[in-house]
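So you know, we letter chains A, B, ... as the sequences are listed, proteins then strands, and number each from 1.
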Amino acid sequence: MRRVYFDHSATTPVRPEVAEEMQKYLTENFGNPTSLHYFGRQVRKAVEEAREKVAASIGAKPDEIVFNSGGTESDNMAIHGVAMVNKNRGNHIITSAVEHHAVLNTVKALGKQGFTITILPVDKYGMVSVDDLANAITDKTILISIMHANNEVGTIQPIKELAALAREKGIIFHTDAVQSMGKIPVNVDDLGVDLLTISGHKIYGPKGVGALYIRKGTRWRQTLFHGGAQERLRRAGTENVPGIIGLGRACELAVENLEKESAYLTRLRDKLIKSVLDNIPHTRLTGHPTMRLPNHASFCFEFIEGESMLLSLDMKGIAASSGSACTSGSLEPSHVLLSMGIPHELAHGSIRITLGRDNTEEDIDYFMEVMPPIVERLRAMSPLDQENEFVAESSCAACKVSSSCHR
Amino acid sequence: MAIREVYLDNSATTRPLPEVVRAVVDALENNYGNPSSLHRKGVEAGRVVTRAREAVAASLGVAPAEIVFTGAGSEAVNLAIKGARPGKRGRHVITTAVEHHAVLNACAQLKEQGIEVTVLPVDAAGVVDPERLAAELRDDTYLVSIMYVNNEVGAVQPLVEIAAVIGAARKAGRRLLWHVDAVQAYGKLPLRPRELGVDLLSISAHKVHGPKGVGALYVAPHTPLQPLVAGGGQEWGLRSGTENVPGIAGFGVAAEMIAREGHLAADRLRPLKKRLVEGILAAVPGAVLNGPACDKENPRCAPHIANISFPGLRGEILVHSLEGRGIYVSTGSACSSGKKPGSHVLQAMGLKEDVVEGAIRFSLSITNTEEEIDYAVKNTAAVVEELRALYG
């Protein structure tokens with residue numbers, strides 16, 4: 001059976017060049033970078049080279065990069081660390097309704113510890129408005145965390161404008177760039193952000209490694225893990241050396257191939273979106289029509305339950321998802337779709353196709369061959385009333401966030 | 001073939017086993033799915049994690065649902081110490097003076113939050129007195145964190161006696177959590193947290209020929225623990241973040257080996273250590289062993305760590321000179337290498353300044369051979385003689 005991987009926002013295969021480079025650090029170069037002897041020094045050098053590569057890929061300086069275990073840890077590190085250091089200055093944190101749970105749940109936990117939280121609404125495309133942010137800022141605001149691109153609907157936020165506003169007011173700005181890295185340009189100075197989250201396994205690097213960019217001079221402190229003096233006291237624990245080497249190479253490759261790859265993916269994506277909307281009735285694109293990630297197509301299919309679609313696709317060899325991987329299996333519809341005003345019933349019929357560098361036109365053709373019959377069959381079985389068209393609500397009352405992911 | 005390289009710094013990190021490397025690479029190349037995904041690629045990756053979890057659980061004699069994978073041993077320690085819920089009355093924690101910095105610095109964080117921390121002293125061999133623990137327990141003590149094997153001198157703490165003290169306190173109605181940092185003991189000594197009544201136990205993969213970037217915390221059922229990292233709720237909500245599938249796969253293979261052969265490790269390591277220690281003490285006048293006497297009958301002596309001082313010389317210089325002869329050792333814990341002068345462990349043991357300054361640590365692995373030990377003994381003696389001629 002043909003196998004098509006369409007879930008690159010959940011995770012990506014490791015590029016052969018990356019895997020190959022890592023292997024040496026699993027075998028002969030196995031030293032602990034903190035050791036003073038040759039085994040340690042040789043590995044320390046490689047870790048610092050990887051740091052330079054990561055830094056270069058986002059226009060940062062090497063000492064502004066802290067390696068850790070992944071995007072989630074980065075988000076936690078960034079938000080918690082800023083909150084704890086700056087709480088004498090103010091206790092207000094602003095984020096958006098469409099953030100990843102790593103951000104939302106961290107912010108909500110702080111909400112229980114005396115911080116005041118504002119969760120900005122989004123428009124029907126999942127976009128945060130600069131005016132809303134301006135109105136939400138108070139003299140107690142210490143941190144704004146808004147993602148660069150959304151994982152579920154692919155919408156790219158106006159980070160430059162949002163961050164400029166923060167800078168004007170002297171507020172620290174964090175962005176989760178886990179989904180945008182390698183797909184659109186990510187440059188910390190262009191964006192004007194103070195902290196930025198990167199994950200290895202979303203950019204054809206390994207799982208278990210990520211990085212946090214911390215602009216020099218940002219009032220931030222490590223608050224999660226304490227112990228040895230690794231990462232200049234910014235993150236204790238023996239470095240995941242093979243992972244770090246892999247992340248360095250993956251970042252390098254992500255930037256090298258960015259233009260070419262994103263043009264290629266945009267073409268595939270547009271073909272996919274057009275084909276779906278033209279050929280499958282009662283279907284709508286979710287997220288912004290143009291301000292979206294080049295590899296990202298997400299839809300809601302009316303009268304269908306997303307999970308049955310995914311299972312049917314899986315049986316045809318196609319791996320897709322309904323939204324965020326880590327809320328897969330949750331019975332609650334996506335908080336992102338709800339916050340965009342998409343009603344419950346429709347949000348249940350969501351599907352996310354995220355393309356990668358190995359996908360081809362034939363993959364899209366294959367999808368278009370198997371998908372319409374699946375939709376037809378599921379709709380025929382659907383108990384949902386097809387006579388009542390759903391009306392989108394604009395209220396965001398339903399944007400509650402589930403506190404954990406049921407696996 | 002003449003020996004040119006002897007790696008005796010296995011407490012800092014170990015060389016991953018070929019089977020481990022194969023498992024990591026296989027996961028990198030083939031099992032790249034996200035375990036949270038519902039489709040086949042996700043399910044396959046999830047299966048890799050499940051298998052590894054079963055292997056790690058089996059190596060500790062616990063249930064798979066009691067294993068939480070983390071990004072490192074230090075993270076596991078931090079999760080245990082900072083994540084342990086104090087309950088209504090808890091405001092006091094007890095630990096020891098010879099813990100790894102992950103424990104000591106996590107406890108320092110608790111202190112900042114208004115928790116009182118009692119640091120138990122150790123004797124000249126680096127061993128804690130269980131009666132001292134009993135004396136320090138208070139009504140508001142909610143957490144005790146005591147390591148199993150000390151990373152610098154190889155002192156094995158009397159866990160059975162400590163378990164008795166903690167068991168008695170619990171019987172008397174105290175609500176007490178017990179964390180054991182078993183990073184250095186794992187794979188070398190039998191480890192059965194359930195039998196001891198341990199609630200939380202930290203281990204790390206790269207100290208047992210597994211990959212870096214992965215550790216685990218054993219969490220006994222009903223242990224009140226809160227996560228340090230919030231997000232997607234992976235690892236039963238105790239540690240969010242996409243699982244490090246290749247790292248976990250490698251850890252699983254290393255754990256399988258421990259479950260299979262771990263009980264043999266001590267018997268293989270002990271003669272090597274004895275050979276090393278006796279060899280050096282015999283060949284180098286003035287050399288002293290720090291920590292418990294190296295003796296099969298001494299249960300306080302770890303089978304793989306030997307800390308030896310050459311008073312009058314500096315440990316760093318010895319480390320570099322030995323490296324010149326292809327022997328890799330350290331002055332103490334890798335993660336405090338190059339930081340503050342003088343090991344906090346040796347100082348807590350009350351050793352004299354010149355003994356502290358002249359200490360180096362040899363740490364063995366089951367992959368080391370007698371020939372390597374003999375090479376190390378011969379060359380250590382030669383290096384010390386050279387340096388003494390130079391500095392003496």
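Note: A:H37 and B:Y328 have perpendicular aromatic rings, judged against thresholds of 30 and 60 degrees for the angle between ring planes.
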key: Intermediate values then yes/no, side chain to side chain contact (heavy atoms under 4.5 Å, CB included), B:V20 and A:L26   = CA-CA 9 Å; B:V20 167; A:L26 285 165; over 6 Å; no

- Task: Could you please spell out the steps behind the side chain to side chain donor-acceptor pair (under 3.5 Å) verdict for B:R239 and A:S69?
- Result: CA-CA 11 Å; B:R239 204 272 186 175; A:S69 73; 2.9 Å; yes

Practice task
Report the C-alpha separation of B:V24 and A:Q23 in whole Å, then their side-chain angles, then the decisive distance to 0.1 Å, and conclude whether the side chain to side chain contact (heavy atoms under 4.5 Å, CB included) test is met.
Solution key: CA-CA 9 Å; B:V24 174; A:Q23 286 198 35; over 6 Å; no

Margin query: For B:L38 and A:E307: C-alpha separation, side-chain torsions, deciding distance, then whether side chain to side chain contact (heavy atoms under 4.5 Å, CB included) applies.
Written below: CA-CA 9 Å; B:L38 296 176; A:E307 250 168 58; 3.7 Å; yes

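There is no contact between B:V214 and chain A, counting heavy-atom distances below 4.5 Å. Within the 4.5 angstrom heavy-atom criterion, no atom of A:Y25 approaches chain B. The part of B:E5 that comes within reach of chain A is its side chain, from C-beta onward, which places non-hydrogen atoms under 4.5 angstrom from that chain. Residue contact with chain A, scored on non-hydrogen atoms closer than 4.5 Å, involves the side chain of B:E112 exclusively. With a 4.5 Å cut-off on non-hydrogen atoms, B:V229 touches chain A through its backbone and its side chain both. B:L104 does not touch chain A: none of its heavy atoms, backbone or side chain, sits under 4.5 Å away. Both the backbone and the side chain of B:P16 come within contact range of chain A, each with at least one heavy atom under 4.5 Å from a heavy atom of that chain. Of the atoms belonging to A:S199, not a single heavy atom falls under 4.5 Å from chain B. Using a 4.5 Å cut-off between heavy atoms, A:M77 makes no contact with chain B at all. Using a 4.5 Å cut-off between heavy atoms, A:A319 contacts chain B through both its backbone and its side chain.
Between chain A and the residues B:K41, B:K82, B:E316, B:H320, the largest count of heavy-atom pairs under 4.5 Å involves B:K82. Heavy-atom pairs under 4.5 Å with chain B were tallied for A:T12, A:T11, A:N76, A:N68; the largest tally goes to A:N76. Ranking B:L28, B:V245, B:V77 against chain A, the residue ahead of the rest is B:L28, based on heavy-atom pairs under 4.5 Å. Annotation: maximal heavy-atom pairing with chain B below 4.5 Å, among A:L224, A:I244, A:T106, occurs at A:L224. The choice from A:G243, A:G31, A:A109 that makes the most heavy-atom pairs within less than 4.5 Å of chain B is A:G31. Of the listed residues A:T27, A:L310, A:V18, the one with more heavy-atom pairs under 4.5 angstrom with chain B than any other is A:T27.
Residues satisfying the side-chain contact (heavy atoms from CB on, under 4.5 Å) criterion with B:T14, sequence neighbours excluded, are B:N10, B:H209.
Between B:E323 and A:R41 there is a salt bridge, since at least one side-chain N of the basic residue sits less than 4.0 Å from a carboxylate O of the acidic one.
Minimum interatomic distance between A:A10 and B:N34 (heavy atoms only, all atoms of both residues): O-ND2, 3.2 Å.
For the pair A:K207 (side chain) and B:Y32 (backbone), a donor-acceptor distance under 3.5 Å is present. In terms of modelled atom types and a separation under 3.5 Å, the side chain of A:D314 and the main chain of B:H39 share no donor-acceptor contact. When atom types are taken as modelled, the side chain of B:K212 and the backbone of A:F30 share a donor-acceptor pair closer than 3.5 angstrom. The closest donor-acceptor contact from the side chain of A:N105 to the backbone of B:A230 lies at 3.5 Å or more, if one exists at all. One N or O on the side chain of B:N78 and one on the backbone of A:H226 form a donor-acceptor pair closer than 3.5 Å.
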